[in-house]
Amino acid sequence: MAKRHSLPATGTRTILLYHHRRQNCIVFFASSSPCQRIDSDLFPGISLWIKRDDLLHSQVSGNKFRKLKYPLLGLQGSNPHLVSMGGLWSNHIHALAHAAALAGYSSTGLIRAAEGVDSAMLEDCRRLGMQIRYVNRENYRLLRDQPDYWRQYLPETRPQHVWLPEGGSSPAALHGVAELVAEVNTSLGLCPDVFMLACGTGATMAGVLAGANGNSQVIGVAALKNAQYVHQDIKNLLQQAGYPEYDNYRLLSDFHHGGYAKISSVLMSFCETFVSQTGIPLEPVYTGKMLFALHELCMQAYFPEQTKVVAIHTGGLQGNRGFPDSTGLTPAINT
């Protein structure tokens, strides 16, 4: 059984964005997230910490907070209308709607779904003032492939319209993610042997590679099928953000459990066991799959004995509302 550990106090503060109103500066803060030590028979042979980025902010959650930090800082002093894309349960769209509302910015979300389809995530976004536009699958692919295709969905585009890529995965996003590594090194007083994280667009992995600067191995667990394209995306993002090309990483592509937002009974059972042992809430789309992969590697004795591993909890817990059997993914008492 796991031993639960209390979370260390932290006084570090991270600025997400500035918004100027008249001559005053409104500042939106989040505490640096703690590293929680995990002792569990689910992960034999390693020394494991969870970087609790799910605790960064109550709504602008996890890696989305870090990805938005510098793109939004770059807009200080302006009054932008933010435009981005995502699915019915997109953590990025959800975080962006909250960040825009807190800053007093207007926003539009281009949502991959049939007209009129709804979700609790979209209800949140509308309540926060985000305009919702529905996009069919064919046109959604064009949004990914054609840099200016998003303009088709706004009646009139103006200079204040600012496009943020799917998942918030812009080159500037890497700088916010890279700061995570220094936080870990300071918190633990050492550089871990391995960082482990879930991969969607590859931006979080690229940011961790940038922050690690070749000093730790980085293992990414793809949350979707046919993820080999992520290698090129990581390379491109690092280059565009001004970082060297790093090769000290491994991408695991066999733990997607059927594809993006797909789950399996064995995955859900593992997640429920992890939550009951540790008191750390999970979602099965990203962090759950990553921790399941880490469990499997440990059971195969993949790591040398007592390898120091930091697994990154990238938040996104709001997405659990899309799974009818997710009650076991939230502990009765969150430690």
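The residues of the chain are indexed from 1 along the displayed sequence.
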*Do L82 and L72 have side-chain heavy atoms sitting under 4.5 Å apart?*
yes

*Under the side chain to side chain donor-acceptor pair (under 3.5 Å) test, which residues partner N215, sequence neighbours left out?*
none

*Check ring pair (Phe, Tyr, Trp, His ring centres under 6.0 Å) between H92 and all other residues, then give those that pass, not counting sequence neighbours.*
none

*Say whether, by atom type as modelled, one donor and one acceptor occur between the side chain of S187 and the main chain of E183 under 3.5 angstrom.*
no

*Using a 4.5 Å cut-off on heavy atoms from C-beta on, say whether the side chain of Q59 contacts that of H94.*
yes

*Side chain to side chain, F274 and L42, heavy atoms closer than 4.5 Å*: yes

*Identified side-chain contact (heavy atoms from CB on, under 4.5 Å) counterpart of L174 within the set L209, V208, L238*: L238

_Less than 4.5 Å apart, side chain to side chain, heavy atoms only: is that true for V177 and K69?_
no

*State, to 0.1 Å, how close G200 and V230 come at their nearest heavy-atom pair, and which atoms those are.*
O-CG2, 3.9 Å

Tell me which donor-acceptor pairs under 3.5 Å the side chains of residues 261-271 have, and how far apart each pair is, sequence neighbours excluded?
from: S264; atom 1: OG; to: H257; atom 2: ND1; distance (Å): 2.8
from: S264; atom 1: OG; to: L267; atom 2: N; distance (Å): 3.2

*To the nearest 0.5 Å, what is the distance between CG (L329) and CD1 (I280)?*
13.0 Å

_Between L294 and F303, is there a side-chain heavy-atom distance shorter than 4.5 Å?_
yes

*Smallest separation among heavy atoms of A99 and L68, with atom names*: CB-CD1, 4.4 Å

*Judged by atom type as modelled, is there a donor-acceptor pair below 3.5 Å linking the side chain of N136 to the main-chain atoms of A113?*
no

*Which pair of heavy atoms, one from P281 and one from H313, lies closest together, and at what distance?*
O-NE2, 2.7 Å

_Residues that E166 engages under salt bridge (charged side-chain N to carboxylate O under 4.0 Å, His left out), provided they are two or more places apart_ = R144

_Smallest separation among heavy atoms of V221 and K289, with atom names_ = CG1-O, 3.9 Å

_Just by distance, no angles: are the side chains of Y70 and E179 close enough, under 3.5 Å, to form a donor-acceptor pair?_
yes

*Among side-chain atoms of D193 and T307, is any donor-acceptor pair under 3.5 angstrom?*
no

*Would L128 end up clustered with V60 when hydrophobic side chains under 4.5 Å apart are linked, directly or stepwise?*
no

*Step by step, work out the side-chain contact (heavy atoms from CB on, under 4.5 Å) result for M299 and F43.*
CA-CA 7 Å; M299 300 309 291; F43 309 102; over 6 Å; no

*What residue pairs, at least two apart or across chains, pass salt bridge (Lys or Arg N to Asp or Glu O under 4.0 Å) with a residue in residues 243-257?*
none

*Would you mind reporting whether C298 and I46 have side-chain heavy atoms less than 4.5 Å apart?*
yes

_The test is side-chain contact (heavy atoms from CB on, under 4.5 Å); show your working for S78 and Q160 and say whether it passes._
CA-CA 8 Å; S78 66; Q160 65 262 38; over 6 Å; no

*Quick one: which residue pairs count as a salt bridge (Lys or Arg N to Asp or Glu O under 4.0 Å) with a foot in residues 105-134, not counting sequence neighbours?*
D118-R126, D124-R127, D124-R321

_When you compare the side chains of N236 and Q232, does any donor N or O come within less than 3.5 Å of an acceptor on the partner?_
yes

*Taking all atoms of both residues into account, what is the closest heavy-atom pair of Q277 and S40, and its distance?*
OE1-OG, 2.6 Å

*Do any pairs count as a ring pair (Phe, Tyr, Trp, His ring centres under 6.0 Å) and have a residue in residues 202-224, sequence neighbours left out, and if so which ones?*
none

_Side-chain cluster (under 4.5 Å, hydrophobic types only) that Y153 belongs to, other residues_ = V83, M85, L110, V135, Y140, L142, L143, Y149, W150, L154, W163

*How long is the gap from CG on L237 to CE on M205, to the nearest 0.5 Å?*
12.5 Å

*Under a 4.0 Å N-O cut-off, is there an ion pair linking D233 with K235?*
no

*Atom pair CD1 (I50) and CG (L282), whose distance is rounded to the nearest 0.5 Å*: 8.0 Å

*Return yes when atom CG of N226 has more than 12 non-hydrogen atoms of other residues, nucleotides or ligands closer than 6.0 Å, and no otherwise.*
no

*How would you list all residue pairs meeting ring pair (Phe, Tyr, Trp, His ring centres under 6.0 Å) that involve residues 203-242, not counting sequence neighbours?*
H231-Y249

*Side-chain (S84) to main-chain (G109) donor-acceptor, under 3.5 angstrom*: no

*May I have the step-by-step check of side-chain contact (heavy atoms from CB on, under 4.5 Å) for F65 and D53, ending in yes or no?*
CA-CA 9 Å; F65 182 103; D53 266 11; over 6 Å; no

*Roughly how far, to the nearest 0.5 Å, is the OG1 atom of T108 from the NE2 atom of H161?*
6.0 Å

*Roughly how far, to the nearest 0.5 Å, is SG of C199 from OH of Y286?*
10.0 Å

_salt bridge (charged side-chain N to carboxylate O under 4.0 Å, His left out) against D148, all qualifying residues, sequence neighbours excluded_ = R151

*Say whether L317 and I312 are linked into one hydrophobic cluster, either directly or through other cluster members, by side-chain heavy-atom distances under 4.5 angstrom.*
no

*Just jot down the side-chain contact (heavy atoms from CB on, under 4.5 Å) partners of S170, sequence neighbours excluded, or say none.*
P71, P165, A172, A173

*For the pair S33 (side chain) and L56 (backbone), establish whether a donor and an acceptor sit closer than 3.5 Å, ignoring hydrogens and angles.*
no

*Do F323 and P284 have side-chain heavy atoms sitting under 4.5 Å apart?*
yes

*To the nearest 0.5 angstrom, please state how far the CD1 atom of I111 sits from the OG atom of S90.*
6.5 Å

*Got a sec, which pairs hit ring pair (Phe, Tyr, Trp, His ring centres under 6.0 Å) with one end in residues 166-206, sequence neighbours left out?*
H175-Y243

*asked:* Applying the side-chain hydrogen bond (donor to acceptor under 3.5 Å, both in side chains) criterion to S47, which one of E305, Q306, K308 satisfies it?
replied: Q306

*Count the heavy atoms belonging to other residues, nucleotides or ligands that lie under 6.0 Å from CD of Q240, then report whether that count exceeds 12.*
yes

*Path from V117 to I93 over hydrophobic side-chain contacts below 4.5 Å*: yes

*Could you go step by step and tell me if L122 and M130 meet the side-chain contact (heavy atoms from CB on, under 4.5 Å) rule?*
CA-CA 9 Å; L122 290 184; M130 176 177 274; over 6 Å; no

*asked:* For a 4.5 angstrom cut-off between non-hydrogen side-chain atoms, does K51 reach V184?
replied: yes

*Sort out for me which residue in T287, T314, T204 forms a side-chain hydrogen bond (donor to acceptor under 3.5 Å, both in side chains) with N63.*
T204

*Between V310 and Y302, is there a shared hydrophobic cluster once you connect ILVMFWY residues whose side-chain heavy atoms come closer than 4.5 Å?*
yes

*Determine the minimum heavy-atom distance between M290 and A198, stating which atoms define it.*
CG-N, 3.8 Å

